[in-house]
Structure formats: structure tokens, C-alpha cells
Amino acid sequence: MLDRLSRDIEALLFATDRPLSIDELCELTGSGEDSVSQAIERLKAALEESGHSLVIAEIAGGFRLMTDATHGETVAQLFEDRRPGRLTRAAIETLAVVAYNQPCTRAAVEAVRGVNCDSALKSLLERNLIRICGRQETVGRPLTYATTEDFLSYFGLSDIDHLPRRREIEEILSTGMPAGQDSDLFEENRG
Amino acid sequence: MLDRLSRDIEALLFATDRPLSIDELCELTGSGEDSVSQAIERLKAALEESGHSLVIAEIAGGFRLMTDATHGETVAQLFEDRRPGRLTRAAIETLAVVAYNQPCTRAAVEAVRGVNCDSALKSLLERNLIRICGRQETVGRPLTYATTEDFLSYFGLSDIDHLPRRREIEEILSTGMPAGQDSDLFEENRG
Amino acid sequence: MSADACRISLDAFEGPLDLLLYLIKRDELDIYQIEAAVVAEQYLEYIRKALELDLDVASEYLVMAATLTSMKSRALLPASRGQEADEIGEAEALMRQLVLYKAFKEIAQDLRESEDLWRNIFPSAGERERWSADSPPAIPGQLTIIDLLTALEELSAPADKAPDQRISRPVLTIAECVEELGGKLQTGVWTTLSALTGIGFGRSRIVGFFIAILELVRLGRLVLRQRRPFAEIEVLRTEFW
């Protein structure tokens, strides 16, 4: 039988409409961090042991009860007509660049991808996977973009810092973003 | 251990946002009525036996997974200080006009929207997304409205100046005709 | 290049960098040791085939074609003072751009896999309706700036479409360049390139026109002349147009 704390946590993780962090769970249950962590472990074990279709996922900085992937096809039927489609390649590439460079301007994304990214940015904004987060203090004060919590949930990431590290990207970006093709081509001629 | 059908039904009752009838469950799982009814019974028993906080409730002619009432107090905390209810279309339009024209009178909003905006302004004031910021020194000295700090935090902006400008709006919202890499050059022509 | 390979239309690529990566992989070239002449040759060959097949070629591809052509011609010329360094800088810049884009392509692939997995994992709908009082105000995240912008856009849409608004410009294709050239050139009259492209327009437009003109020269429909180095390029329409 599950203890009271595990039951409380289970109820919270079911009823919430966003992931709940350990801190929030401590406050909501009036328990300490260790007790809460242990209760989560007991809950995980109980769900697994009796073969339920539910799992505790750690995403977007918190915990949430979710169906396990083996039931995806069955459950997806419920949302058939309102589930957004997979992202386009342009959108997912644009998202990758924003995720690794945030906050980041449209021009910076376009410098990496070598193509216009207007419509990709627009569709990402509409799906709330990126947001406008400010302006860059350079000429023209362009808008900057960053990823959202929905981005983390959408890809099952627990934290933006948990994106896999990429050496090439870090090396190249640390020496400055590449300029756009246009400027590459024409600056030589001017010089 | 739960069988496949019970697990499928559990996943469906967990993820659904409305009660599912026996007929719907039959269709979604591709099983007969008797099998589905029996699977629901097994699921009920399994949840009770291991003392989970979730129960299968029969409401509005269908089934759905819910937290059991003994956790009501804990769960209700989640939603205590957070305020549900979507902004209406009228409120969103009014808010957009105020945000981009502040400080701005009711008459100015109505001139743009072409309809009476009393109740939209009232609901925005109640939600503390706009505030009364003064009077316009014209005939009748009408009240003027501006956005609040809550407005900024609601949209994740640190400064009202970070709202996209009209021209940027057109860029972001224009579909199919992406502005090219040469956008800066086109603007020179205008000036 | 085989006929099959040509059938891979440019639509399959996310731009010139993507096409270059495809060619580098296809020909098993070393991305870290790019030989401008080889890569440029393959790329230009691909673009040329695409043009022959009457595929629309976006100006971004043409800008890259111009960059590669410039790199290639420098590589072929005897090196003058300071030029060698330029060449290395150019090749290095392209290499870095390709390595960076390749890394992001791989990340995009990882994200795609996560997307496919997590699209099949569902949260509960939550119990907000059940446990919260029915009070007005809004929850952050229900509404985004985009909703505000869309509302504003729709409000102002029918009203003012004044001529001073931003000129939206679709991507320029070679076919469009050729068509525009046809309208502007008269047989037997020399016309300058700048008169054809118009002054103050984008570089992509100039490059697009230039490539279209080179193609038309190759087909014998145009003749080109330049009176001295760096002078205006002039174009003449022949009777074979």
C-alpha cells in the first residue's frame, strides 16, 4: 500500500497542468526535500510493479504523470483532429539554433542556416516553442528569441542546460557567429 | 499485473479531457462491450488494492480517471492563487490597441475596434493587465489607459519597449512572402 | 552527375549549405579540407542541371554559387601578394560555416527523435476545472504576444494598405530574371547591368541577374562586354533570343 505522502504526490502530479518542481511539491505537501524524493521513488516503483500504463516523467524542470509511450497510438486517437503535426525541417533546424544560442536574433539564425527563416520563426512562435524575449542592443535593435517551457515539454527535456553539449558548436560560436553569405561575398570586394 | 486492455483503458481515461463512454472505449480499443466493462472492473480493483490516489469515476455518461476526494485539499492548493478563464476576443483586441497606443482613451480604442469596449476595458482592469493612468486634456477630459507591470510579466517582457514594433509585426505575420536577406536595402529606398 | 541524381530537386534541401553538405558527403570529401575548385565544380554543376530542368532556383543558392565561383577563380590564378591569406580565410570561413550547420543538422535530427517519442506520451488533462473557483483573470502562458499581434493585425488589415508599407519580396528565381530581362532588352541596343537590375536593390538580385545573363550568353542569346576592368558590364540581345 502506498503511504500518505506518495498518494498526495501522485494526486498532485495527476491534477496539475504543468510539471511541478521538487520545491513546489515540498511546499504543497508540507514535507522536506528528502521525503519528497523518496516518495517519488516509491511511487515510480509502485506504478511499475503493478504494470500500470502511467509513468513519472521528469520534464521542464519538474515532475509530471504521463502515459507510457507504448500506449501512444491508442491515446493519440483521442486528439487526432487537434494534435499539431510534426515540425517541418526548417522549423526544427531553426529551433535547434535558437536553443543553443538564446537569446538570439533572426539574423543570427539565418547566418547559421544560410536561408531566410521568417516563416519558420513565425510557426515556432505560434506553437509557443519560442518566444520574443527582448531586443539586442545593436544597430536596429532587433528582436531576440528564446525557447519556452513548452519547448522543454515538447521534447521531453528536463532543463535547457541538459541539451547535449556539442564541441564544434561551442568552438565556433566562441569565436563569433559566421556572417551571412551576402556580407562575406561583398566585403571582400570592398576591401 | 494489469493486462493490455486494462492498461490501454487506463491510459485513455488518464489522458482524456472529457468522460469517455463504454461505446467510445470499445471503438478506441477495438474491443467488445463485455471485455471493456470487465477491464474497467479490473482497473478499479488494481487502483484500490495498491492504494493509489486515483479512482475511476462514472460521470456524465462516461468514465474518467480522477483524484479521490480525500486529496481535494492538497490538490486545490494548485489552483488557489492562479486564475483560470481565457481572455475573450474583445479583451485581446482591446489589450492590443492599448498596448500599442498607450496612453489611450476609450474613444480611441473604440475608433479602432468599431464597437463599444466598456466591458472589455473593465475585465482588463479587473485582471490588472491595464490601469487608468490619467486624463486627456481635451473636451470632457476622458480617462486614459496604459498597460501594467503585470502585463509585462504576463507576456514575459522586461520592458514595454520590447514589444515588437508595427513593422516587425508585419514581418512576423506576413506569410508566404518572406522578407529577404536584403530587407535592409529595401528600407533604404523608402527613406 | 547522373540523371537520377539531378532528379533530387532543390526542394529537398534546406538551402545552399544543406546542398553543399549533401555534395560533400556524396563525393566523400573531407569537410575540414575543402578544395574550393572541387566543391565549386560540383555545386555549380548541380545548380546548372537544376536550371536546365527549369527548376526554380532561389537567390540564396545563386549567392553561394557566386561565392564559390570567386573562390574557385582565385584558387586557379597565380597567387599575388596577400591573396593567399585571403584564400585561406575564405575557405576557412566556409568550412566553419559548414561544420556549424552540420552540427545543428545533427541536433535537429536528435530533436526529431525526441519529438517522435514525446508526441506519444500524454499528460493528464489536469483538474483545474474541478478544483478552481470560477474567477476571471488569466494564467500566464494562455496568451502570447503573437495573439496580441494577430489581433492588432486583423484589426488594421482592411483599413490602411498605404503605399509606404514595406515591400514584401518573394525569393527571386532565375526564370523570373530571364523573363524580366526579356522585357527590358531590345535587340541591337547595349544596356548596362545596373540599368537592368535597378539601383539600390539587393545583392541577391544582382547575382541572380548576373547568373541569368551568363546562362543566356552561353546559349548565344546575349552578348556581354566590359570596356575596361571594373567598368559597367553591358549586355546586348542577339537575334537568337
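These numbers were taken from a predicted model, which means no experiment stands behind them.
- A salt bridge does not link Glu93(A) to Lys105(C): none of the charged side-chain nitrogens sits closer than 4.0 Å to a carboxylate oxygen.
- Interface remark: Arg86(A) contributes backbone and side-chain atoms alike to the contact with chain C (heavy atom separation under 4.5 Å).
- Residue Glu149(A) does not touch chain C at all, counting heavy-atom pairs closer than 4.5 Å.
- For Thr67(A) (side chain) and Ile121(C) (main-chain N/O), no donor-acceptor pair under 3.5 Å exists by modelled atom type.
- Counting only distance, with no hydrogens or angles, the side chain of Arg83(A) and the backbone of Arg119(C) share a donor-acceptor pair below 3.5 Å.
- The structure places CZ of Phe155(A) at 9.5 Å from CG of Asp116(C), a figure rounded to the nearest 0.5 Å.
- The contact between Leu65(A) and chain C is made entirely by backbone atoms, counting heavy-atom distances below 4.5 Å.
- At least one donor-acceptor pair closer than 3.5 Å links the side chain of Gln97(C) to the backbone N or O of Ala111(A).
- In plain terms, the two heavy atoms of Ala57(A) and Trp118(C) that are nearest each other are CB-CH2, 3.8 Å.
- Taken from OG1 in Thr70(A) to CG in Asn120(C), the straight-line distance is 10.0 Å, to the nearest 0.5 Å.
- Here Tyr154(A) contributes atom OH and Glu115(C) contributes atom CD; the two are 3.5 Å apart, rounded to the nearest 0.5 Å.
- Among the candidates Ile59(A), Leu95(A), Val75(A), the residue making the largest number of heavy-atom pairs closer than 4.5 Å to chain C is Val75(A).
- Arg64(A) contributes atom CZ, which lies 6.0 Å from atom OG of Ser124(C) (distance to the nearest 0.5 angstrom).
- In this pair, Phe122(C) and Phe79(A) present their aromatic rings parallel. The plane angle is below 30°, not in the 30 to 60° band.
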- Query: So Arg89(A) and Asp18(C), salt bridge (charged side-chain N to carboxylate O under 4.0 Å, His left out) or not? Walk me through it.
  - Reply: CA-CA 11 Å; Arg89(A) 238 190 94 190; Asp18(C) 198 24; 2.8 Å; yes

